[in-house]
Amino acid sequence: MFVPELPEVETIRSGLAELLPGQRIAGVEVLLNKSLSAPESHITTHIAGAGVTDVRRRGKIMIVDLSSGYSLLVHLKMTGQLVFEAGGQQPAKPGTGTNEPHSCPNPTSETGDGRRVAGGHPTQSMAGDLPDKTTRVIFTFQDGSKLFFNDQRTFGWMKLVERSKVERDKCFMAMGVEPLGSQFEVCHLKSRLKHRKAAIKTLLLDQSHVAGLGNIYADEALHLAQVHPSREGQSLSDEEIERLHAAIIKVLGDSIQAGGTSFTSYVNANGITGDYLHNARVYRRQGEPCRACGTTIDKIKVGQRGTHICPNCQKLT
DNA sequence: ATCTTGACCTGACAGC
DNA sequence: TGCTGTCAGGTCAAGA
């Protein structure tokens with residue numbers, strides 16, 4: 001599974017930013033009320049009939065600006081997906097009908113036709129007929145295109161907020177700096193970790209310190225920086241914090257590069273995994289050899305979260 | 001103020 | 001086969 005974190009959300013954003021602006025929303029169908037929290041009257045007056053003007057991102061939250069003066073905030077959480085299907089064409093079909101997502105041998109023939117663009121947690125829903133049982137909200141555009149918000153576990157959400165109040169919205173108020181922005185400096189990270197007794201991994205997952213890191217990239221960055229995830233934040237040396245700072249930027253940047261290619265192409269049952277996990281350093285690689293030293297990757301719990309480490313590269317003491 | 005824990009939710013999978 | 005239990009994991013709220 002590939003849970004949407006900052007790189008995945010950024011990849012979806014950049015894909016949708018090429019497709020949605022200029023589109024006008026004709027209708028909204030809410031199949032699960034809690035997936036789109038907005039009064040019925042607001043959906044009618046501020047979404048339906050509005051044009052999309054921009055698609056932005058802050059942390060793991062996507063912001064779709066509308067010409068009505070409102071914005072749609074989207075959090076995919078673990079299992080959310082956004083699938084855009086271009087109008088007037090048949091929906092895409094899985095390559096061979098197999099149930100195994102990685103076994104389709106046909107990765108290129110259907111690539112690049114632009115009929116469907118999808119991103120988020122990968123499942124068969126991205127390639128099969130939509131709507132399906134995980135579809136929670138459907139946006140229909142005037143040209144017949146559709147945008148499906150699918151979410152198996154229904155933790156994800158969309159909400160409608162006045163454009164002028166987006167930055168002050170509750171979900172952004174406590175959000176920390178963008179790790180790929182200029183404000184993310186070593187001294188910032190140092191000040192956030194100082195005097196903190198919590199595990200460094202727990203601190204990295206706290207969105208108020210750095211926005212957008214999740215379980216995958218926290219593990220990846222800590223391994224690259226050679227820091228054990230259970231270490232207390234305050235125990236890290238300046239040098240270790242510098243390594244961690246650089247590692248966060250590198251793993252996020254690498255992943256955006258890897259994900260960018262898989263998103264803009266046609267998504268079929270073969271392509272839904274994304275490229276980054278194939279190159280993961282430790283995530284979901286327990287039992288396999290560390291790419292740096294060959295030691296067997298271990299899986300432990302840190303703050304109730306599954307955590308992957310190389311016991312040789314990442315020492316506790 | 002900081003830290004920990006449980007709840008939310010569904011599907012996949014292991015074990016009996 | 002079919003049941004039960006466990007795991008996945010971002011975020012919030014409640015409790016320590």
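Order of the sequence lines fixes the chain letters, A, B, ..., with proteins taken first and strands second; residue numbering starts at 1 for each chain. Basis for what follows: all heavy atoms, side chains included, without hydrogens, waters or symmetry-related copies.
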Query raised in the report: Per the end-axis method with five pairs at each terminus, what is the bend angle of the helix from B/dT2-C/dA16 to B/dC16-C/dG2, to 10°?
Result: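 Both end axes considered, the difference amounts to 50°.
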Does [X] have a side-chain nitrogen or oxygen under 4.0 Å from the phosphate oxygens OP1 or OP2 of [N]?
X        : N      : value
A/Gln207 : C/dT11 : yes
A/Lys77  : B/dC9  : no
A/His75  : C/dG10 : no
A/Lys60  : C/dT11 : yes
A/Lys301 : B/dT5  : no

Query raised in the report: How long is the gap from OG1 on A/Thr154 to NZ on A/Lys34, to the nearest 0.5 Å?
Result: 3.0 Å
**Report entry** Interatomic spacing from CZ in A/Arg285 to NE2 in A/His308 - rounded to 0.5 Å
**Finding:** 10.5 Å
Length of the line joining [X]:[atom1] and [N]:[atom2], which is rounded to integer Å:
X        : N      : atom1 : atom2 : value
A/Gln304 : C/dC7  : CD    : P     : 11 Å
A/Lys159 : C/dC12 : NZ    : C1'   : 12 Å
A/Gln152 : C/dG10 : CD    : P     : 15 Å
A/Ile61  : C/dT11 : CD1   : P     : 7 Å
A/Arg284 : B/dC13 : CZ    : P     : 11 Å
A/Arg153 : C/dC7  : CZ    : C1'   : 9 Å
A/Asp151 : C/dG10 : CG    : C1'   : 12 Å
A/Met78  : B/dC9  : CE    : C1'   : 8 Å

Requested in this report: Could you check whether the rings of A/Trp157 and A/His75 sit parallel, tilted or perpendicular, using 30° and 60° as the cut-offs?
Outcome: tilted
Query - Candidate nucleotides B/dC3, C/dG10, C/dC7, ranked by approach to the side chain of A/Lys197 - the nearest - result: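 Minimum distance to the A/Lys197 side chain belongs to B/dC3.
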Requested in this report: Please state whether the base of C/dT11 and the side chain of A/Arg305 form at least one donor-acceptor pair under 3.5 Å?
Outcome: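 Checked by distance alone, the answer is yes.
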Query raised in the report: Of A/Leu203 and A/Thr154, whose nearest nucleotide on DNA chain B comes first from the 5' end?
Result: A/Leu203
Query - Sub-4.5 Å side-chain heavy-atom contact between A/Tyr70 and A/Arg163 - result: no
Query - Close side-chain approach of A/Leu180 and A/Ile256, heavy atoms under 4.5 Å - result: yes
Query raised in the report: Between A/Gln207 (side chain) and A/Gly212 (backbone), is there a donor-acceptor pair under 3.5 Å?
Result: yes
Query raised in the report: Are A/Glu242 and A/Lys190 within salt-bridge range, i.e. N to O under 4.0 Å?
Result: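 Yes, charged N to carboxylate O under 4.0 Å.
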Report task. Could you say whether the aromatic ring of A/Phe155 and the base of B/dC8 stack, counting only centre distances under 5.5 Å and plane angles under 30°? Result ->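 Yes, the aromatic ring of A/Phe155 stacks with the base.
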